[in-house]
*Asks:* 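Shown below is the structure under consideration.
Worth saying up front: this structure is predicted, and the values here are computed from it rather than measured.
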Amino acid sequence: MDRKWICLFIIFLAAIMAMGSVDAAELKDHNFKDYFSMKIPKNAHFQKQNDSSHENGLDMISLSYISQDLVIFYENATLLSENSSKFLYQSMFESSMPDLDECYEYQEGNLTILEPKKIDDTHFPLVGTTSGSEYVIIMGKDLDLIKKMGKSVDFK
């Protein structure tokens, strides 16, 4: 009888350790050109897409970094201010998920978090941070991971 409890305790302890290792994705510092740096998962490999424009004397830089489980958007537009860039989070969220009636929107420090009621293969949470006319939005399935990434954003 005592062996049974010892075996169950060992299995329980192993399960808790395994869950902890899944949650704790190992992050490394990554420099996204001269625009910003951020901690990303060690095994992440991104394909970069960019679009820069110069119209009517206004410069705008828009970059997308896409990996299997993460999407990172960066934009620097001189038309944006700290206040107006916050509305972009909501409009981006609504345009990427038009079939959702509601999402949870909340602040956590300098992060704006938009979380759909239903997270599945087509509905993902967004985490955004801003500095002046620059903003970074991170989208992925693991909300805790993208929050950690968002907290580590350092604008150049």
Side-chain angles (χ1 to χ4, degrees), residues 17-156:
M17 288 172 53
M19 285 190 302
S21 67
V22 169
D23 283 344
E26 199 169 341
L27 301 177
K28 66 176 181 177
D29 289 321
H30 185 79
N31 188 17
F32 291 88
K33 291 188 91 167
D34 291 330
Y35 303 111
F36 69 101
S37 62
M38 175 174 58
K39 292 186 181 291
I40 64 170
K42 259 192 167 179
N43 59 352
H45 299 285
F46 292 96
Q47 292 181 334
K48 183 181 102 176
Q49 300 174 346
N50 62 336
D51 182 22
S52 298
S53 67
H54 180 79
E55 293 181 26
N56 300 325
L58 299 174
D59 292 321
M60 186 168 105
I61 300 166
S62 181
L63 305 169
S64 300
Y65 297 91
I66 302 169
S67 79
Q68 185 175 356
D69 296 327
L70 296 167
V71 178
I72 300 168
F73 298 102
Y74 167 83
E75 189 156 305
N76 186 352
T78 55
L79 289 174
L80 295 178
S81 68
E82 189 86 28
N83 291 330
S84 64
S85 63
K86 291 178 183 176
F87 293 110
L88 288 172
Y89 302 143
Q90 186 69 37
S91 60
M92 183 174 205
F93 185 80
E94 289 172 355
S95 66
S96 65
M97 299 177 206
D99 59 328
L100 290 181
D101 292 333
E102 286 186 41
C103 68
Y104 303 107
E105 180 178 0
Y106 53 98
Q107 291 289 131
E108 223 174 84
N110 66 337
L111 299 179
T112 300
I113 300 157
L114 297 166
E115 185 179 354
K117 280 186 169 181
K118 174 178 113 179
I119 298 174
D120 57 25
D121 289 338
T122 57
H123 302 99
F124 304 103
L126 299 176
V127 170
T129 187
T130 185
S131 176
S133 63
E134 297 177 283
Y135 69 91
V136 170
I137 295 177
I138 308 158
M139 182 170 61
K141 288 182 180 179
D142 185 342
L143 181 58
D144 291 331
L145 173 64
I146 63 175
K147 282 183 192 178
K148 287 179 189 175
M149 293 171 63
K151 289 176 184 175
S152 73
V153 170
D154 182 26
F155 292 99
K156 303 290 178 181

*Asks:* Y74: what forms a ring pair (Phe, Tyr, Trp, His ring centres under 6.0 Å) with it, not counting sequence neighbours?
*Replies:*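 Y74: ring pair (Phe, Tyr, Trp, His ring centres under 6.0 Å) contacts with Y35, F36.
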*Asks:* Can you check whether I146 reaches P125 side chain to side chain, under 4.5 Å on heavy atoms?
*Replies:*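 Yes, at least one pair of side-chain atoms sits under 4.5 Å.
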*Asks:* Can N31 and S37 be counted as having a side-chain donor-acceptor contact under 3.5 angstrom?
*Replies:*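 No pair is found: no donor N or O on one side chain lies under 3.5 Å from an acceptor on the other.
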*Asks:* Taking the side chain as every heavy atom from C-beta outward, state whether I61 and E75 have any atom pair closer than 4.5 Å.
*Replies:* no
*Asks:* Nearest 0.5 Å, what's the CD-CZ distance between E134 and F155?
*Replies:* 5.5 Å
*Asks:* Test side chain to side chain contact (heavy atoms under 4.5 Å, CB included) on K147 and I113 and set out the steps.
*Replies:* CA-CA 8 Å; K147 282 183 192 178; I113 300 157; 3.7 Å; yes
*Asks:* Per the side chain to side chain contact (heavy atoms under 4.5 Å, CB included) rule, which among I72, N110, T129 passes with V153?
*Replies:* T129
*Asks:* Kindly indicate, with the supporting measurements, whether the criterion side chain to side chain contact (heavy atoms under 4.5 Å, CB included) is fulfilled by L145 and L27.
*Replies:* CA-CA 9 Å; L145 173 64; L27 301 177; 3.7 Å; yes
*Asks:* Contact between M139 and L70 at the side-chain level, heavy atoms closer than 4.5 Å - yes or no?
*Replies:* no
*Asks:* Heavy-atom distance under 4.5 Å between the side chains of I138 and M38, does that happen here?
*Replies:*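 Counting from C-beta outward, I138 and M38 do come under 4.5 Å.
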*Asks:* With E26 as reference, evaluate K42, K148, K39 under the salt bridge (charged side-chain N to carboxylate O under 4.0 Å, His left out) test and give the passing residue.
*Replies:*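 Exactly one option meets the salt bridge (charged side-chain N to carboxylate O under 4.0 Å, His left out) with E26, and it is K42.
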*Asks:* For S67 and Q47, which I'm curious about, is there any donor-acceptor pair between the side chains at under 3.5 Å?
*Replies:* no
*Asks:* Can you establish whether the number of heavy atoms outside K28 located under 6.0 Å from its atom NZ is more than 12?
*Replies:* yes
*Asks:* Run K151 and L111 through side chain to side chain contact (heavy atoms under 4.5 Å, CB included) and show every step you take.
*Replies:* CA-CA 7 Å; K151 289 176 184 175; L111 299 179; 3.6 Å; yes
*Asks:* For K156, is the NZ atom crowded, meaning more than 12 foreign heavy atoms sit under 6.0 Å from it?
*Replies:* yes
*Asks:* Which atom names give the shortest non-hydrogen contact between F73 and S64, and what distance separates them?
*Replies:*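 Taking F73 first and S64 second, the nearest heavy atoms are CD2-OG, 3.5 Å.
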*Asks:* With side chain to side chain contact (heavy atoms under 4.5 Å, CB included) as the criterion, how do I40 and M149 come out once you've worked through the C-alpha distance, each side chain's angles and the decisive distance to 0.1 Å?
*Replies:* CA-CA 6 Å; I40 64 170; M149 293 171 63; 4.1 Å; yes
*Asks:* How many angstroms lie between CZ in F124 and CG in D69, if you round to the nearest 0.5 Å?
*Replies:* 8.5 Å
*Asks:* Give the ring-plane orientation class for Y65 versus F46, where under 30° counts as parallel, over 60° as perpendicular and anything between as tilted.
*Replies:*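 Y65 vs F46 ring planes: perpendicular.
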